[in-house]
Structures are given as C-alpha cells and as structure tokens.
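See below for the structure under consideration.
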Amino acid sequence: MIRNDIRNIAIIAHVDHGKTTLVDAMLKQSGVFRANEHVEERVMDSNDLERERGITILSKNTAVMHEGVKINILDTPGHADFGGEVERVLNMVDGVLLLVDAYEGPMPQTKYVLRKALEAHLKPIVVINKIDRPDQRVEEVVDEVLDLFIELNADEDQLEFPVVYASARNGIAKLSMEDDNNNLEPLFKVILENIPAPDVDTEAPLQMLVNTLDYDNFIGRIVVGRVMRGTIHNGENIALMNEDKVRPGKIGRLYAYQGLKRVEVEEAKAGDIVALMGLQDAEIGETIADKDNPEALKGIKIDEPTLSMVFYVNNSPFAGKEGEYVTSRHIRDRLFKEAETNVALRVEETDSPDAYKVSGRGELHLSILIETMRREGFELQVGKPKVIMHRDETGTLQEPMEALTIDVPQDYMGAVMEGLGLRKAELQNMTEMAGYLRMEFKIPARGLIGFRNQFLTDTKGNGIMNHVFAGYEDYKGEIPGRTRGSLVAFESGETTSYGIGNAQERGTMFVIPSEKIYEGQLVGENSREDDMDVNPCKKKHVSNMRASGSDEAIRLIPPRTFSLEQALEHINEDELVEVTPKSIRMRKKVLNRLERGKLRARLKNS
C-alpha cells in the first residue's frame with residue numbers, strides 16, 4: 001500500500017548552510033503559526049547552547065501540511081562532531097533535501113552526510129541556498145554538486161536529482177534563476193513530486209525502530225521513531241526487542257507531530273513518525289514489535305568515536321564552592337544517562353572510582369556535553385583529549401584521519417602550510433575562489449588538537465576551517481605538542497597587581513588582580529618551553545626608605561582568556577581543566593610544587 005498522504009524527508013547540509021532557517025520558512029508558509037504569533041528566529045534550535053552558538057546540535061522533528069499531504073521534516077546538525085545525530089535519523093525518511101551554499105559549494109560535511117544518504121538509497125533533492133548573496137556562483141556550485149555525486153558513486157536514479165534555487169532567509173524558492181517567484185511553493189511541489197510516498201503494509205504485525213530518545217521531567221522517557229510496518233495503538237501491549245532478548249511493554253500515550261507540537265492520537269500507521277510515552281527502559285536501536293509475532297528490525301549502526309577524555313571528580317582546593325553536583329555518583333549517573341540518548345558517545349568506568357573515560361566524535365561533541373553539565377550545576381575536571389587508535393588485522397597501529405578544508409586569503413597561505421606541515425597534513429587539492437584559496441588536506445585527528453587557535457592567529461582571524469572524519473590510516477609518527485611551558489602559582493591566595501606585574505615579564509598571564517587562585521593553578525604561559533613557578537599573590541612591602549621611582553604605576557597587560565574548547569586544546573598531559581558553573585580554570589594534576597619536582601625526577605630517571 002502506497003500512502004500518498006505522507007512524505008518523510010531529512011534536511012542535510014554542512015554547518016551554516018541554512019537548514020534550520022529553511023525549516024523556519026517552511027513552517028511559516030504552511031500556516032503553522034497564527035498571523036499575530038511571535039516566532040523566534042531558528043525556532044527549531046530550541047536549547048540555549050544551540051541559540052548561543054548558532055548551530056544545530058540535536059536532530060529534531062516537525063511536520064507541515066501542504067495540499068492535504070503531511071510532510072514530516074527532520075532538521076539535522078551540520079557539524080561533523082554530531083554526525084551520529086544524522087546517521088540515526090536517515091532510516092526514518094524516504095528522501096533528503098541536500099542544502100548547499102551558493103558561494104561555498106560542497107564542503108566536507110556535505111560529502112559526509114550525502115554519502116550516508118546515498119548508502120541508505122534515499123532520493124535526493126538539491127537545494128542551492130543563499131542565492132541572494134552578492135558573491136553567489138550558482139552555476140559552478142551545481143557542477144561541483146554533480147561532481148560530488150559522481151565521486152560518491154551515486155546510481156543513475158540518484159544522479160537525476162532535481163535542483164531548487166532558494167533563499168531560505170527570504171522564504172523564496174525557484175526552479176530556475178530567471179523565475180520571478182516570492183514563496184516556497186516550487187520547493188513544496190518538488191518534494192511532493194520527487195520524494196517517494198511510503199510503500200508499506202499497514203495490516204502486517206507491528207514493527208517500529210527506536211531512533212531517538214527524549215526526556216521529560218514529568219513523564220520520563222519519550223521514544224521517537226517511524227512505524228515501519230503495521231499499525232500502533234494508544235495503550236497497546238507490545239514486545240520490546242534487541243539482539244539478545246524480548247521483553248513485554250505497554251504504550252502509555254501515542255503522539256504524532258503537527259508543526260512544532262506533539263498531538264495525542266489513537267493510532268498511527270506504517271509510514272508515520274510518532275512519539276511514545278510509557279517505555280521507560282527502551283534503548284536506541286531496539287524494535288517495538290507485535291506482542292504475538294515479534295520480529296526484530298536491523299539496528300542502528302553508528303561510526304565509532306575518534307576522541308576520548310577522562311572526566312574526574314573535582315578535587316581542587318575550591319571544590320564544592322560553586323557547584324551543586326560534585327560527587328562521583330552524581331557525575332557517573334549524569335554521564336550514563338547522556339550515553340542512553342547520545343548514540344555516538346561511549347562512557348567507560350576506569351580503575352579509579354573518581355574517573356570515567358568518555359569517548360565521542362570530536363572536541364566539540366565532548367565540550368558541548370561538558371558545557372551542558374556545567375550549566376546544570378556540575379563541577380568536574382577533564383584531562384587532555386586523546387585520539388582513539390586501533391590495530392588492523394596485521395597488527396599495524398592505525399589512527400583516525402580528518403579531511404580538512406581551509407579557506408584563507410592568499411597572503412596567509414605560507415603560514416598555514418607551515419603549521420600544517422608540522423602536524424603531518426598532506427595537501428590533496430587547491431583551488432582559487434574570489435580572492436580566497438581553498439586548500440584540502442588529509443591530517444591525523446591528533447594534529448587538529450590545538451590547531452584552531454594557531455590557525456586564527458596565523459590568519460589574523462580571516463581563515464575558515466572545516467573538517468570531517470575520513471577513516472583510519474597507518475600511524476603517521478610523532479607530532480610536536482605545545483611549544484611553551486606554563487606559569488604555575490606556587491602559593492594559594494588572592495592575586496595582586498604587583499605580583500602579576502612581576503610575573504608578566506615571564507610570559508602571557510591568564511589572571512586579573514584580586515582573583516582567588518590556588519597552588520598548582522596555571523596562571524599564565526611561559527615564554528620558554530619549560531614550566532616556571534611564580535607568585536602572582538606577592539604584595540609590595542612598605543619600607544620607610546623610599547626611592548623616587550618606587551611608586552611608579554604598574555602597567556598590566558590584559559590577560560588572555562579561554563573558552564572551554566580553548567582550554568581543552570591548551571593543556572598538556574600533566575594538566576587538567578577544572579570546570580564549575582562559574583569558572584573555567586587550568587591546573588596541574590599534581591598541585592604541590594615539591595611533589596611535581598619529585599615526579600619529574602622519577603620520570604627523567606626511568
């Protein structure tokens with residue numbers, strides 16, 4: 001049975017190519033909002049971090065009605081670090097809208113998400129977005145998209161993709177650049193004509209895959225997925241299946257999507273995307289099946305994590321002063337709860353009861369988790385990010401590689417090439433675009449740790465970099481780390497202008513006057529490669545013999561401040577980042593100066 005009353009699509013693209021803005025426009029033009037209703041920009045980016053950073057982190061569902069057909073839309077993230085969110089929703093849809101920026105063209109993540117869509121045999125529609133840009137190069141971008149399809153071995157049917165030209169911000173879509181159109185009607189028409197309607201069996205025994213887990217403080221776990229076969233009813237007894245066992249369950253409430261709201265329904269047929277309440281122990285990848293004839297669906301396969309960090313309980317002298325949740329039990333429960341819904345995340349216990357190894361897709365993936373925990377009132381410490389190596393069948397050590405794309409003005413090309421050369425990057429391609437050079441590299445994932453800050457410095461903020469996982473290759477050898485040591489406080493107290501003034505002659509400071517610090521905290525970066533102990537809390541002693549120059553004003557250089565990502569990139573192996581709801585501090589693992597000296601001596605002699 002073909003259900004012509006429904007279409008299921010995902011919107012996929014590189015970060016910042018306009019996915020969420022296009023969903024906004026589709027919602028507005030399909031009459032979801034009242035005429036006088038105030039609507040936020042990027043309404044689908046609903047959590048605080050998404051709004052602040054202007055990126056999508058979680059895949060989200062919505063639905064619009066057009067000419068009596070319900071179009072279920074899944075808005076997906078564009079960052080490579082959240083690729084797990086894209087992978088798990090592609091088996092809920094029958095087609096994809098591939099958005100491409102009219103100037104930038106296909107980027108690393110465009111290639112990654114398109115490959116996943118083609119592997120799932122989904123019907124693509126290409127939307128060239130931002131055609132209102134003055135520097136748009138629409139014709140070249142269409143050719144680049146076609147080249148990308150050919151490179152990814154798209155079949156003949158997929159190569160016959162329709163192209164829509166759009167300005168999501170202005171709510172306009174056209175089938176050719178010459179059209180004089182002022183709405184999204186052509187896009188809706190192309191979706192209805194080209195995205196296959198679900199071909200399903202509504203009479204067969206029930207099958208539904210758990211694709212997404214949501215959580216509500218009042219009703220608990222919410223299961224989201226697509227009904228693959230049969231019909232599901234409110235209050236129905238079902239079987240919940242994974243590879244190992246079958247267990248009974250009962251649907252508490254059944255919801256369908258209408259616009260941004262969930263609406264309770266009595267039943268849903270195959271092809272519908274629904275949300276269920278009442279299955280508190282359901283896991284992503286499990287099958288909800290008919291209780292009498294349970295048959296499992298193929299689970300969700302997600303690419304493995306490439307980066308890990310160790311999360312520690314905060315044991316600094318300031319522990320417990322700013323956070324609400326500080327114990328090992330709190331942190332453990334929160335991490336394992338996150339792993340249930342965040343499919344690309346892995347959490348493992350370690351030998352220590354106060355440390356947990358957390359693995360994810362990249363620094364941004366893990367730093368978003370840390371930032372979220374920090375805002376919830378957690379205190380914790382995290383170690384330096386490490387890439388996850390593995391060995392192939394022959395025992396050869398392999399490491400994760402990244403496909404890196406860099407856009408820089410030509411003046412800065414030399415400095416960027418030199419920096420990447422030290423990090424074992426290999427140049428794959430170089431093209432010139434309107435005053436910018438686009439360079440494509442293959443680089444070990446470890447080479448990117450700490451590179452972003454150096455890159456922004458080398459290009460004076462004019463460069464743009466994007467990267468995406470590109471598989472495993474043989475280990476590339478040693479990569480030099482941070483070239484400068486740290487300035488470490490050797491006593492606890494409150495910093496003074498006099499103490500900072502003396503210390504800033506040794507390097508770049510991270511602290512301001514009247515800031516409380518503790519022994520072992522990093523207060524600056526040394527101008528040399530080894531660590532140095534300093535005392536920014538030192539006070540100027542009053543004497544009764546004053547020289548003429550003794551009361552000269554102290555000129556303090558503004559300190560360097562760190563975001564969470566910058567701090568994680570900055571630290572060395574023997575350092576930690578202390579994260580609390582109010583502060584981000586860097587510190588030595590061993591706080592005591594004498595203990596650190598003994599440890600250094602032992603390592604030198606071993």
Side-chain angles (χ1 to χ4, degrees), residues 3 6-15 17-27 30 32 42-47 50 55-66 69-79 82-99 109-110 112-114 116-127 129 168 184 187-188 190-192 194-198 208-214 222-228 255-262 268 270-276 284-285 300 302 341-344:
R3 290 194 59 190
I6 198 165
R7 299 289 189 278
N8 295 317
I9 59 167
I11 299 189
I12 59 174
H14 184 76
V15 64
H17 280 197
K19 296 179 296 300
T20 307
T21 308
L22 181 64
V23 175
D24 275 9
M26 292 173 80
L27 286 166
S30 60
V32 167
R42 300 194 330 275
V43 69
M44 295 290 282
D45 284 348
S46 50
N47 77 37
E50 289 180 320
I55 60 172
T56 301
I57 295 169
L58 301 169
S59 296
K60 297 181 198 68
N61 304 23
T62 187
V64 299
M65 295 296 295
H66 189 78
V69 178
K70 184 178 188 180
I71 304 173
N72 284 310
I73 304 170
L74 301 180
D75 182 22
T76 64
H79 262 285
F82 309 113
E85 291 286 319
V86 182
E87 287 171 65
R88 73 175 182 197
V89 300
L90 287 183
N91 62 6
M92 293 165 68
V93 297
D94 303 299
V96 292
L97 292 187
L98 176 72
L99 254 70
Q109 183 69 357
T110 316
Y112 174 82
V113 292
L114 180 59
K116 295 291 179 190
L118 296 179
E119 284 171 2
H121 305 291
L122 300 175
K123 175 73 178 175
I125 294 172
V126 173
V127 180
N129 192 26
L184 291 177
L187 176 62
F188 284 119
V190 169
I191 290 171
L192 296 183
N194 290 274
I195 300 297
M208 172 181 160
L209 195 66
V210 178
N211 282 85
T212 306
L213 292 179
D214 205 348
I222 301 167
V223 172
V224 180
R226 172 177 167 173
V227 183
M228 296 295 188
Y255 291 89
Y257 287 90
Q258 274 186 21
L260 299 173
K261 301 183 181 76
R262 294 192 189 108
D272 284 323
I273 293 175
V274 294
L276 316 172
I284 286 172
I300 298 172
I302 300 291
T341 57
N342 195 333
V343 287

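All values reported here derive from a predicted model rather than from experimental measurement.
- Using a 4.5 Å heavy-atom cutoff, the side chains of Leu276 and Val210 are not in contact.
- Across Ala168 and Ala25, no two heavy atoms sit closer than the pair O-CB, 3.7 Å.
- Counting heavy atoms from C-beta outward, Thr62 and Met26 have side chains that stay 4.5 Å or more apart.
- Contacts of Phe188 classified as ring-ring contact (aromatic ring centres under 6.0 Å, His included), with partners at least two apart in sequence or in another chain: His66.
- In plain terms, the two heavy atoms of Val274 and Ala268 that are nearest each other are CG1-CB, 3.5 Å.
- When atom types are taken as modelled, the side chain of Lys70 and the backbone of Gln258 share no donor-acceptor pair closer than 3.5 angstrom.
- Checking Leu97, Leu74, Val64, Ile73 one by one against Val23, the side chain to side chain contact (heavy atoms under 4.5 Å, CB included) holds for a single residue, Ile73.
- Using a distance-only test at 3.5 Å, with no hydrogens or angles considered, a donor-acceptor pair links the side chain of Asn8 to the main chain of Gly271.
- With a 4.5 Å cut-off on side-chain heavy atoms, Asn211 and Ile273 do not count as touching.
- The heavy-atom pair separating Ile222 from Ala275 by the smallest distance is CG2-CB, 4.0 Å.
- One N or O on the side chain of Arg7 and one on the backbone of Leu192 form a donor-acceptor pair closer than 3.5 Å.
- Note that CG of Leu118 and CG of Leu98 are 9.0 Å apart. Values are rounded to the nearest 0.5 Å.
- Between the side chain of Asn194 and the backbone N or O of Lys123, no donor-acceptor pair lies under 3.5 Å.
- Once rounded to the nearest 0.5 Å, the distance linking CG of Leu22 with CD1 of Ile11 reads 4.5 Å.
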**Prompt:** Could you walk me through whether Ile12 and Lys116 pass the side-chain contact (heavy atoms from CB on, under 4.5 Å) check?
**Reply:** CA-CA 10 Å; Ile12 59 174; Lys116 295 291 179 190; over 6 Å; no
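- Between Gly95 and Ile195, the closest heavy-atom pair is CA-CD1, 3.7 Å.
- Between Leu209 and Gly285 the shortest heavy-atom distance is CD1-O, 3.6 Å.
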**Request:** Mind running side-chain contact (heavy atoms from CB on, under 4.5 Å) on Ile125 and Ile9 for me, showing each step along the way?
**Result:** CA-CA 10 Å; Ile125 294 172; Ile9 59 167; over 6 Å; no
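- Counting heavy atoms from C-beta outward, Val224 and Met92 have side chains that approach closer than 4.5 Å.
- Taking the charged nitrogens against the carboxylate oxygens, Arg3 and Asp272 do have a contact shorter than 4.0 Å, which makes a salt bridge.
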